[in-house]
Amino acid sequence: MTFRKNFLLASNSSSRYSLLKGAGLKFQTTRPQCDEELIKQKLLNLKINIKNLPKYLAKEKALSVSKKTNSLVVGSDTVIIFQNTLISKAKNLSEAKKKLQRLSGKKHKIISAVSVCQKEKQIWCCKQESTITLKKLNNDQIDEYLKRAGKQILSSVGCYQAEKLGPQIIKSIKGDFFNVLGFPLFPFLSFLSNKEK
């Protein structure tokens with residue numbers, strides 16, 4: 001099936017770009033016109049359920065671009081929750097090692113959301129949750145993994161990339177694999193399919 005609908009992706013994420021390109025979709029990318037960290041902090045100060053954070057951020061990203069175009073605008077966001085706490089990106093490989101030591105042998109949740117806006121209104125949204133369990137890793141295994149993965153791993157909140165070397169340290173994935181990559185692809189394709197009818 002070929003999707004004819006063109007849209008704007010409000011994202012700087014290379015993994016989301018690759019995912020959507022790989023699915024054969026037609027789109028252009030643009031930078032979200034909002035301060036993501038500021039919005040995130042405001043939402044956390046309002047004590048919202050952290051599981052809903054990606055839904056709000058995806059919407060804000062899409063709306064920020066929708067103000068300047070009549071095109072469909074797609075925003076997306078992903079969070080990782082470990083022991084009911086939001087996990088942030090590691091600043092360096094030393095922090096990445098500490099993070100993998102914490103996650104080693106345990107489960108964490110990945111929640112991704114996608115929002116579609118047009119003419120400054122949200123017309124569709126979706127949120128998905130997956131559970132990842134990492135293998136029990138010793139320090140040597142973590143060091144070897146980080147050495148092979150390199151500094152690019154710092155762009156991933158969990159310090160692993162499921163589409164690359166991640167399977168070497170992942171024990172299991174429960175839920176949608178594309179959601180783990182940061183985009184609920186199947187529901188989005190269903191939305192596009194209905195939009196073209």
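All residue numbers refer to positions in the sequence shown, counting from 1.
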Can you classify the ring geometry of Trp124 versus Phe188 as parallel (below 30°), tilted (30 to 60°) or perpendicular (above 60°)?
tilted
Polar side-chain atom of Ser76 near backbone of Ala113 as donor-acceptor pair, under 3.5 Å: yes
side-chain contact (heavy atoms from CB on, under 4.5 Å) test vs Ser112 passes for just one of Asp77, Asp176, Thr78, Leu181, namely Thr78
Nearest heavy-atom approach of Leu63 to Lys121 is CD2-N, 3.9 Å
Check your understanding: So, the side chain of Ser71 versus the backbone of Val73: is there a donor-acceptor pair under 3.5 Å, distance only?
Key -> no
With distance as the sole criterion, is a donor-acceptor pair present between the side chains of Glu120 and Ser66 under 3.5 Å?
no
Nearest heavy-atom approach of Val79 to Pro54 is CG2-CD, 3.8 Å
Pair Phe183, Tyr17 - check ring pair (Phe, Tyr, Trp, His ring centres under 6.0 Å), show working. CA-CA 10 Å; Phe183 197 94; Tyr17 176 86; over 10 Å; no
Paired with Ser115, the side chain to side chain donor-acceptor pair (under 3.5 Å) test is passed by just one of Lys55, Lys61, Gln122, namely Gln122
When every non-hydrogen atom of Asn84 is compared with those of Ile81, the smallest separation belongs to CA-CG2, 3.8 Å
Review point. Side chains of Lys127 and Asn52: is there a donor and an acceptor less than 3.5 Å apart?
Key: yes
Next item on the list: Measure from NZ or CZ of Lys21 to the centre of the six-membered ring of Phe27 and say whether it is under 6.0 Å with the direction within 45° of the ring axis.
Entry: yes
Taking every heavy atom of Asn139 against every heavy atom of Lys97, the minimum-distance pair comes out as OD1-CE, 4.0 Å
Heavy-atom closest pair (Gly158 atom, Ile80 atom, distance to 0.1 Å) is N-CD1, 3.4 Å
In short, Ala62 meets Gly75 closest at the heavy-atom pair CB-N, 3.6 Å
> Quick one: does His108's side chain get under 4.5 Å of Leu134's, heavy atoms only?
Replying inline: yes
message = One pair to check against side chain to side chain donor-acceptor pair (under 3.5 Å): Asn179 and Glu129. What are the steps and the verdict?
response = CA-CA 7 Å; Asn179 181 59; Glu129 184 176 307; over 6 Å; no
Do you see a donor-acceptor pair shorter than 3.5 Å between the side chains of Ser64 and Arg31?
no
Has Glu144 got a side-chain atom pairing as donor or acceptor with Gln141's backbone, closer than 3.5 angstrom? no
Across all chains, not counting sequence neighbours, the ring-ring contact (aromatic ring centres under 6.0 Å, His included) partners of Phe186 are Phe178
Would you say the side chains of Ser13 and Ser15 form a donor-acceptor pair under 3.5 Å? yes
Exercise. Would Gln168 and Arg148 count as having a side-chain donor-acceptor pair, cut-off 3.5 Å?
Worked result: yes
Requested in this report: May I ask you to test the Pro32-Asn12 pair for a side-chain heavy-atom distance under 4.5 Å?
Outcome: yes
